[in-house]
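The next block holds one structure in the form of structure tokens; read it before the comments.
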There are 2 protein chains.
Amino acid sequence: MNIHDIAKLSGYSAATVSRVINNRKYVSDDAKLAVQKIIKEYDYVPNDVARDLSKGKTHNIGVVMPYTKHPYYTGIINGVMDAAFPAGYRIVLLPSMYDADVEMNYLNRLRRKAYDAIIFTSHGVTLDDLLEYQKYGSIVCCHDPGNYDISAAYTERIDSYLKAFTWAKAQNVKKVAILLSRNFELSATSQLTRKAFIKIFHHEPLESLLRTDVITYSDGYRSAQSFYKNNVTPDLIFANGDDVATGARQFYLDHHLPIPTLIGQENQLSGQLLNLPTIDHNFHEIGRLAFELAIGDETKQVSVASRFILRNQNDHN
Amino acid sequence: MNIHDIAKLSGYSAATVSRVINNRKYVSDDAKLAVQKIIKEYDYVPNDVARDLSKGKTHNIGVVMPYTKHPYYTGIINGVMDAAFPAGYRIVLLPSMYDADVEMNYLNRLRRKAYDAIIFTSHGVTLDDLLEYQKYGSIVCCHDPGNYDISAAYTERIDSYLKAFTWAKAQNVKKVAILLSRNFELSATSQLTRKAFIKIFHHEPLESLLRTDVITYSDGYRSAQSFYKNNVTPDLIFANGDDVATGARQFYLDHHLPIPTLIGQENQLSGQLLNLPTIDHNFHEIGRLAFELAIGDETKQVSVASRFILRNQNDHN
DNA sequence: ACTTGACCTGGAACGCGTTTCAGAAATTAA
DNA sequence: TTAATTTCTGAAACGCGTTCCAGGTCAAGT
């Protein structure tokens with residue numbers, strides 16, 4: 001049962017049926033009634049895929065996310081979803097594990113018109129790749145693209161990083177551990193953390209106090225464990241998430257060791273519970289903005305400042 | 001640039017080009033080479049939407065989720081995603097807020113071939129509706145569908161509920177508060193909680209100790225607050241999530257009141273941190289199974305038992 | 001030598017809705 | 001009463017890839 005069948009049955013043409021369905025002007029009441037009657041009688045619904053094909057638009061937005069459990073990505077996705085839903089767009093989840101081939105495949109799906117736009121919460125492919133594929137559809141990334149002409153919605157982190165390290169320095173900490181998702185070469189965010197650190201502490205982060213590929217509570221725990229095994233005892237752990245910081249804390253607790261000062265990120269529940277200082281990067285808002293850019297047609301960059309939230313980890317309960 | 005253009009340029013027909021692209025048999029080496037040359041030269045990629053249209057398949061699975069932040073839904077979605085990704089399927093997020101109209105719209109999109117299948121992590125529409133729409137595509141729900149012939153992947157909860165309440169009773173608690181997402185009429189899961197409660201305590205849950213629409217940490221906090229305002233002091237709070245239990249706990253803590261015994265659910269980080277007894281419903285596995293059912297063609301039900309995890313909330317740190 | 005079957009290839013139909021364009025009919029304006 | 005609009009309507013083309021079927025070639029089997 002397709003639009004042509006309905007046309008035949010109602011005695012009008014497919015064009016007229018289409019007009020009725022999309023209730024457009026230039027249809028007589030007679031025609032409208034007759035067509036609606038047949039549509040109802042045969043319980044006809046138009047085929048979305050065919051519609052997408054002829055309109056050249058799918059109302060699908062792909063969201064590439066390296067990891068599925070990381071609060072960064074899920075936070076952004078919630079923001080995207082909350083904006084996309086009322087606008088009649090749906091979001092398609094595209095896990096990538098930072099695999100450039102997989103991400104390339106998604107970019108090609110953009111070319112193939114499977115999505116109207118793609119939002120990269122983070123990416124393994126290069127900015128040059130993104131630039132190159134921009135001609136096939138709207139592409140938005142979620143970090144500062146520098147001087148690349150690529151749409152981006154991102155968090156302006158430097159101020160809160162500086163604030164956090166400044167506060168840390170005032171606590172008179174010496175040995176600062178830094179836990180990151182990705183290393184300095186791969187991640188602009190990590191690079192930013194490094195820069196802020198250097199600005200405040202006037203030296204490079206110590207290799208021995210650096211850990212990458214840290215994402216979860218367990219990773220935090222393991223990081224602390226590895227510090228312990230290597231006989232390094234940080235007096236501050238700057239973690240990339242409250243859950244991570246909490247995991248590290250747990251290691252020291254379990255082994256009856258003094259707990260270093262902790263700074264988390266993402267303003268997660270664990271941080272609230274333990275009253276850890278944290279940095280809120282406003283991911284929900286970033287998601288919202290990324291969506292707006294995705295459906296808009298200008299290439300532009302928007303940013304939101306993140307916020308250092310000072311709490312005292314010693315007076316939690 | 002479409003397949004017909006490539007056909008013309010290569011001197012072969014669209015049919016042959018299609019065969020080359022999908023590398024099927026019955027294409028001469030000459031033809032293959034000539035076509036591939038043109039494809040490369042013009043950097044042609046086929047249009048996915050057109051392909052979907054003619055194949056009648058999108059490789060998209062819709063996942064309906066009432067709330068976007070609830071661990072139940074996100075857990076299932078992660079399971080679906082982890083299974084869908086290697087199988088070449090993508091998942092489309094469909095938020096519903098339990099709105100039957102919205103969900104109906106999604107079901108109609110299934111009819112319209114926008115998705116190959118829909119997984120309802122939970123639903124506001126009736127099982128009769130699902131039954132009715134099954135003829136338009138695979139539909140999977142995530143709770144026990146009773147004697148409805150609908151595919152389902154769900155958690156068998158009754159045993160662990162009984163275990164939890166049995167343990168609770170052994171703690172000699174009298175006033176049991178129950179925090180739920182949805183009320184008994186609306187939710188089969190809530191109903192199950194009620195049944196288990198009655199079986200162990202031999203009476204209906206007390207109205208005054210019942211709260212619904214409780215989902216987050218803050219909701220848990222507010223629930224405890226409302227008990228306090230109404231002068232009811234539960235000695236056990238059976239929450240629908242560890243975060244919720246944690247929220248309730250926080251209220252008592254903040255007001256220097258004795259903390260009731262807590263039982264959480266979902267085995268969340270907060271519960272681990274505070275060493276709360278919890279019930280793990282294996283949502284990840286449910287998601288995986290739901291996906292298998294979604295792409296399979298038989299209608300069947302599979303279940304996984306949930307697990308009561310006993311921990312002692314008093315010896316946390 | 002003759003049948004059989006595997007191998008190639010392309011025209012045309014199919015999946016299905018939208019849109020353009022041209023022509024006809026009915027109003028309104030002048 | 002013309003001229004100029006506006007309203008309807010449908011045929012056909014379009015978006016684009018897939019597949020069926022018919023027709024032809026060529027090597028293997030008897």
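None of the values given here were measured: they were computed from a predicted structure. Order of the sequence lines fixes the chain letters, A, B, ..., with proteins taken first and strands second; residue numbering starts at 1 for each chain. Note: hydrogens, waters and symmetry copies are ignored here, and every other heavy atom, side chains too, is used.
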Can you tell me the distance, in whole Å, between the [atom1] atom of [X] and the [atom2] atom of [N]?
X	N	atom1	atom2	answer
B/Asn2	D/dC16	CG	C1'	6 Å
B/Leu53	C/dC14	CG	P	14 Å
B/Ile21	D/dT18	CD1	P	6 Å
B/Asn23	D/dT18	CG	C1'	15 Å
B/Lys57	C/dC14	NZ	C1'	19 Å
A/Asp48	C/dT18	CG	C1'	14 Å
B/His4	C/dA13	NE2	P	13 Å
B/Arg111	C/dG15	CZ	P	18 Å

Polar contact flag, side-chain donor to acceptor under 3.5 angstrom, B/Asp149-B/Thr299: no
Look at atom NZ of A/Lys40 and say whether more than 12 heavy atoms of other residues, nucleotides or ligands are closer to it than 6.0 Å. no
Counting only heavy atoms not in B/Lys57 (residues, nucleotides, ligands), do more than 12 fall under 6.0 Å from its NZ?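 Counting other residues, nucleotides and ligands, NZ of B/Lys57 exceeds 12 neighbours.
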Are the ring centres of [X] and [Y] closer than 6.0 Å?
X	Y	value
B/Tyr106	B/Tyr115	no
A/His59	A/Tyr89	yes
B/Tyr67	B/Tyr98	yes

When you check the phosphate oxygens OP1 and OP2 of [N], does a side-chain N or O of [X] lie under 4.0 Å from one of them?
X	N	answer
A/Ser18	C/dG17	no
A/Asn47	C/dG15	no
A/Arg51	C/dT18	yes

Check nucleotides 6-10 of chain C against the protein and report each pair of N or O atoms closer than 3.5 Å, with its distance, or say if there are none.
unit_1	atom_1	unit_2	atom_2	d
C/dC7	OP2	B/Tyr26	OH	3.2
C/dT9	OP1	B/Ser28	OG	2.6
C/dT9	OP2	B/Ser28	N	2.8
C/dT9	OP2	B/Ser28	OG	3.0
C/dG10	OP2	B/Ser13	N	3.1
C/dG10	OP2	B/Ser13	OG	3.4
C/dG10	OP2	B/Thr16	OG1	2.8
C/dG10	O6	B/Arg19	NH2	2.6

Distance under 6.0 Å and angle within 45° of the ring axis: does B/Arg19 meet both against B/Tyr26? no
Assign B/Asp52 to base, sugar-phosphate, or nothing according to its heavy-atom contacts below 4.0 angstrom with the strands shown.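 No contact.
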Could you check whether B/Arg24 gets within reach of a base, just the sugar-phosphate, or nothing at all, counting any heavy atom under 4.0 Å?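 It contacts sugar-phosphate atoms only.
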